[in-house]
S.K.: 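Below is one structure. I have some questions about it.
First the proteins, then the strands, lettered A, B, ... as listed; each starts at 1.
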2 protein chains.
Amino acid sequence: MTAPNGFGAAATHDTFPLPPGRTLDICLNLHSAILEHRLSPGMKLSEDEVGEIYGASRTVVRAALQALAHSGLVNIERNRGAFVSRPSIREAQEVFEARALIEPRVARLAAEVIGAPHIKRLNRHLDAEHAAIDAGDKGKALSLSGAFHIAIADIADQQVFSQMVRSLISRSSLIIALYWKRADATCESHAHHALMKAFSEKDGSAAEEIQKSHIIDLHSGLDLREKKETASSLAQALSRD
Amino acid sequence: MTAPNGFGAAATHDTFPLPPGRTLDICLNLHSAILEHRLSPGMKLSEDEVGEIYGASRTVVRAALQALAHSGLVNIERNRGAFVSRPSIREAQEVFEARALIEPRVARLAAEVIGAPHIKRLNRHLDAEHAAIDAGDKGKALSLSGAFHIAIADIADQQVFSQMVRSLISRSSLIIALYWKRADATCESHAHHALMKAFSEKDGSAAEEIQKSHIIDLHSGLDLREKKETASSLAQALSRD
DNA sequence: TGATGAAAAATTGTATACAATCAAATTTGC
DNA sequence: GCAAATTTGATTGTATACAATTTTTCATCA
């Protein structure tokens, strides 16, 4: 009890507090779909449509959409409905500035308390990331890359920071979907491996510096000028899983 | 559009995204009540009871409670209902560590862009704060003290940081309700005035340093050992205003 | 008397129905 | 033929009813 976020259940791996019952399933599912870019920014999330897909009533769907709205992944407009968020250029800047402030600190904290099991888990994360890249699944790769950052926050074992990082990572995923300019998404792996080295040496200062550079590098990989327009079918994007 | 948080309307002065319709009223009302310590940590917020007080149906009340849960002010336990959050000692530590990282940066950003109208507004905040202290209204004074910090974040004009600060301030209010040990709440005013000086000189570095010291000082004002038990009537606490 | 168990009451989880609002298509007027 | 106004349709906002779960109460037994 006295949960880190507002809801009773312990935070497992997600940005938003854990709503009751089946709302959670829908949250997680939509969350994954958005992070893996199966749902494009700006896409409409009709309550009826989502409800029919998941076999749930609007009551539950509404709760899920509101939860996602609180996480910044969904934008609810009065009397118009819910849409996948389309972060502005301004918001993109701010999100990465926040990451550049918070994540290095989190990396330092993690390095100071990290243990062998943690390192093992991080390595598994990296392996999965590479596998996705080799398989050419960009969406999955990006999602796993974010999961790596979140795993670090979990190791630091600071719920408040962890929650912030989760939210920022989620929003970053949308931002990257909109503004990423580099062809290769693999540039990240290098920084992630460097982090692993700092972790294995329990070198907090190094981890902090590497993470800071890493975030700045990610930020510089964005093309914050144009806007891409995207919108497609909902049922299709949600069909698998 | 492309709202800073998940909801369409612009964030005015509150922690949570802005839910539609009357849900917002209930959110703001409960939020104020919690921040002014009219609702004690641990107090049960029954859907029926809250709904009857505000003349709204459970549907709306539920949405409000969920929004507050996302802000960390309310704790929802499955099949048991909503309670005013009772931050753990651990959480208290984390919240103030986060504030010590984020708020100094925000203060620096604010100092770099601050203008005469902003300073005027901050001074009004300080006046109101003093008035509340003189009137002996501790709850109101604390609430206004938090509003001062939020006002700084608004001046910095960074929505992402602003959102974080709001959330942290709200939770701090609960933490102070539980763990504050100093008799005087006036100690803050000194730091706030020092900040005003730095702002008027547009000295970002000074503002950052002062704010950092201020947060650490606040943190040290907590007695993070014992737990106070509190619980009383709901309708009574919500009767005024 | 205290603990244990079942029944009853209260509270939340979910579904559905109705009202209000908004978007689009149709009609009407010029 | 084009623009404005109106009607139609679809979607969200809200209330209420029912189901599931928990908490309380109270009777029973060691």
S.K.: When the C1' atoms of the five terminal pairs at each end define the local axes, what inter-axis angle does the helix from C:dT1-D:dA30 to C:dC30-D:dG1 show, to 10 degrees?
M.R.: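 Comparing the first five pairs with the last five, the axes sit 10° apart.
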
S.K.: In whole angstrom, give the distance that lies between atom NZ of B:K44 and atom C1' of C:dA10.
M.R.: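 Checked: the NZ to C1' distance equals 9 Å.
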
S.K.: Using the closest heavy atom to pick a nucleotide of DNA chain C for each, name whichever of B:D48 or A:G55 lands nearer the 5' end.
M.R.: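 Going by which nucleotide is closer to the 5' end, it is B:D48.
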
S.K.: According to side-chain hydrogen bond (donor to acceptor under 3.5 Å, both in side chains), who are the partners of B:S162, at least two apart in sequence or on a separate chain?
M.R.: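 Checked B:S162 against side-chain hydrogen bond (donor to acceptor under 3.5 Å, both in side chains); matches are B:D154, B:R166.
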
S.K.: Taking atom P of D:dT12 as reference, at what distance in whole Å does atom CD of A:Q66 sit?
M.R.: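 A:Q66 atom CD is separated from D:dT12 atom P by 12 Å.
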
S.K.: Write down the atom of A:T23, the atom of A:A64, and the distance for their closest heavy-atom approach.
M.R.: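 Of all heavy-atom pairs spanning A:T23 and A:A64, the closest is CG2-N, 3.5 Å.
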
S.K.: Strictly below 4.0 Å: does B:R80 bring a side-chain N or O up to OP1 or OP2 of D:dA20?
M.R.: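 B:R80 to D:dA20 OP1/OP2: no side-chain N or O under 4.0 Å.
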
S.K.: Nearest-Å distance, CG (B:L24) to C1' (D:dG13)?
M.R.: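 Rounded to whole Å, this separation is 14 Å.
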
S.K.: Sequence neighbours excluded, which residues qualify as salt bridge (charged side-chain N to carboxylate O under 4.0 Å, His left out) partners of A:D127?
M.R.: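 With neighbours one apart ignored, the set is empty.
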
S.K.: Between the protein and nucleotides 16-18 of chain C, list every N/O to N/O distance that falls short of 3.5 Å.
M.R.:
{"unit_1": "C:dT16", "atom_1": "O4", "unit_2": "A:T59", "atom_2": "OG1", "d": "3.4"}

S.K.: What nucleotide, of D:dT21, D:dA15, C:dA15, holds the atom closest to the side chain of B:N79?
M.R.: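 The listed nucleotide nearest to B:N79's side chain is D:dT21.
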
S.K.: Counting side-chain heavy atoms from C-beta on, which of D:dG13, C:dA23, C:dT14 comes nearest to A:R62?
M.R.: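 Of all the options, the side chain of A:R62 is nearest to D:dG13.
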
S.K.: What residues, two or more places apart in sequence or in another chain, satisfy salt bridge (charged side-chain N to carboxylate O under 4.0 Å, His left out) together with A:R105?
M.R.: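 Salt bridge (charged side-chain N to carboxylate O under 4.0 Å, His left out) list for A:R105, sorted by chain: empty.
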
S.K.: Who pairs with A:E94 by side-chain contact (heavy atoms from CB on, under 4.5 Å), at least two apart in sequence or on another chain?
M.R.: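 A:E94 satisfies side-chain contact (heavy atoms from CB on, under 4.5 Å) with A:R90, B:Q158, B:Q159, B:V160 only.
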
S.K.: Which whole-number value in Å describes the distance from B:I26 CD1 to D:dG13 C1'?
M.R.: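 Computing the B:I26:CD1 to D:dG13:C1' distance gives 13 Å.
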
S.K.: A:E47 has an atom CD; how far is it from atom P of C:dA20, in whole Å?
M.R.: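 Checked: the CD to P distance equals 18 Å.
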
S.K.: Taking ring-ring contact (aromatic ring centres under 6.0 Å, His included) as the definition, give me every residue that meets it alongside B:F83, ordered by chain and number, with sequence neighbours left out.
M.R.: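 Residues passing ring-ring contact (aromatic ring centres under 6.0 Å, His included) with B:F83: none at all.
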
S.K.: Suppose we screen for side-chain contact (heavy atoms from CB on, under 4.5 Å). Which residues come up paired with B:S173, at least two apart in sequence or across chains?
M.R.: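 B:L35, B:H37, B:L142.
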
S.K.: Can you check the A:Y54 OH to C:dA15 P distance for me, whole Å?
M.R.: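 Taking OH of A:Y54 and P of C:dA15, I get 15 Å after rounding.
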
S.K.: Could you state the atom-to-atom distance from CZ of B:R78 to P of C:dG13 in whole Å?
M.R.: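 Value for this atom pair: 7 Å.
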
S.K.: To the nearest Å, give me how far apart CZ (B:F83) and C1' (C:dT11) are.
M.R.: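 So the CZ-C1' distance, B:F83 to C:dT11, works out to 10 Å.
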
S.K.: Can you list everything that forms a ring-ring contact (aromatic ring centres under 6.0 Å, His included) with A:F161? Sequence neighbours excluded, please.
M.R.: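 Per chain and number, A:F161 pairs via ring-ring contact (aromatic ring centres under 6.0 Å, His included) with no residue.
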
S.K.: Between A:R171 and A:S85, do the side chains contain a donor N or O and an acceptor N or O under 3.5 Å apart?
M.R.: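 Short answer, no.
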
